[in-house]
Amino acid sequence: MVSAIKKNGVPLYKLARKGVEVEREPRLVHIYNFRFTNYSEPRGEFRLACTKGTYVRSIAHDLGQKIGCGAHLSTLRRSVSGKFDVADAAPLDAVLKLTVAELEKKVIPFLRLAA
């Protein structure tokens with residue numbers, strides 16, 4: 001109920017804030033890889049590779065329901081999205097030190113992004 005998915009043109013999170021819960025249709029998603037990377041009770045960490053539209057908070061909730069203890073996400077970090085990888089990102093302090101000419105060389109043209 002806290003996603004940006006819309007029901008009758010209204011994002012679910014707006015309905016949730018008003019205390020309104022609506023029926024949500026199941027969505028087909030693909031999980032390509034799921035692995036726990038750390039577990040120190042009561043916290044677990046995992047990495048997940050999935051299709052767009054996968055609601056990771058729901059994955060955590062469903063996992064908690066399956067094992068009978070409940071679960072939620074305390075943090076979420078998207079490290080890869082499409083062809084973008086956070087490993088290729090530059091730290092903000094480094095970007096702020098770039099000259100305009102250096103920064104222009106790093107900007108990816110929109111038409112190349114859209115291809």
Side-chain angles (χ1 to χ4, degrees):
M1 279 301 303
V2 293
S3 75
I5 295 169
K6 293 181 180 173
K7 184 78 168 190
N8 298 326
V10 180
L12 293 180
Y13 67 85
K14 287 189 176 183
L15 296 173
R17 287 179 186 156
K18 293 178 182 176
V20 176
E21 186 164 339
V22 296
E23 183 73 25
R24 294 165 314 276
E25 296 293 320
R27 301 178 71 164
L28 178 64
V29 298
H30 292 280
I31 306 299
Y32 300 116
N33 189 354
F34 182 99
R35 71 175 194 269
F36 276 96
T37 56
N38 187 27
Y39 181 75
S40 179
E41 199 169 294
R43 290 184 171 268
E45 296 177 10
F46 61 88
R47 291 185 63 105
L48 173 68
C50 57
T51 54
K52 71 177 185 176
T54 303
Y55 201 59
V56 180
R57 287 178 177 84
S58 293
I59 302 274
H61 175 267
D62 292 349
L63 178 62
Q65 295 299 307
K66 289 285 186 191
I67 61 177
C69 67
H72 72 278
L73 290 184
S74 59
T75 60
L76 174 63
R77 182 163 192 238
R78 179 174 287 142
S79 58
V80 177
S81 181
K83 48 188 160 180
F84 299 103
D85 191 318
V86 73
D88 300 327
L92 179 59
D93 60 331
V95 172
L96 293 174
K97 293 176 184 173
L98 295 174
T99 66
V100 172
E102 292 169 326
L103 189 55
E104 285 175 346
K105 289 179 187 173
K106 294 194 177 285
V107 173
I108 303 169
F110 176 74
L111 292 178
R112 195 168 115 212
L113 286 176

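Computed from a prediction, not measured in an experiment: that's the story for all the values here.
Contact detail for G9 and P11: the closest heavy-atom pair is O-CD, 4.0 Å. Heavy-atom minimum distance, A71 versus A60: CB-O, 3.2 Å.
Partners of R57 by side-chain contact (heavy atoms from CB on, under 4.5 Å), not counting sequence neighbours, listed by chain and number: Y55, L73, L76.
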Per-pair distances, 0.1 Å, donor-acceptor, side chain in residues 79-96, under 3.5 Å, sequence neighbours excluded:
| residue | atom | partner | partner atom | Å |
| --- | --- | --- | --- | --- |
| K83 | NZ | L113 | O | 3.4 |
| K83 | NZ | A115 | O | 3.3 |
| D85 | OD1 | A87 | N | 2.8 |

Residues 29-47 side chain polar contacts: donor-acceptor under 3.5 Å, at least two apart:
| residue | atom | partner | partner atom | Å |
| --- | --- | --- | --- | --- |
| T37 | OG1 | E45 | O | 3.4 |
| R43 | NH1 | S74 | OG | 2.8 |

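Within the model, atoms CD of E104 and CG of L98 stand 11.0 Å from one another, a figure rounded to the nearest 0.5 Å. Here K7 contributes atom NZ and E23 contributes atom CD; the two are 7.0 Å apart, rounded to the nearest 0.5 Å. The distance from atom CG of N8 to atom NZ of K6, rounded to the nearest 0.5 Å, is 12.0 Å. To the nearest 0.5 angstrom, Q65 atom CD is 10.0 Å from I67 atom CD1.
Between L12 and R24 the shortest side-chain heavy-atom distance falls below 4.5 Å. Side-chain contact between E102 and K106 is absent, with no heavy-atom pair separated by less than 4.5 Å.
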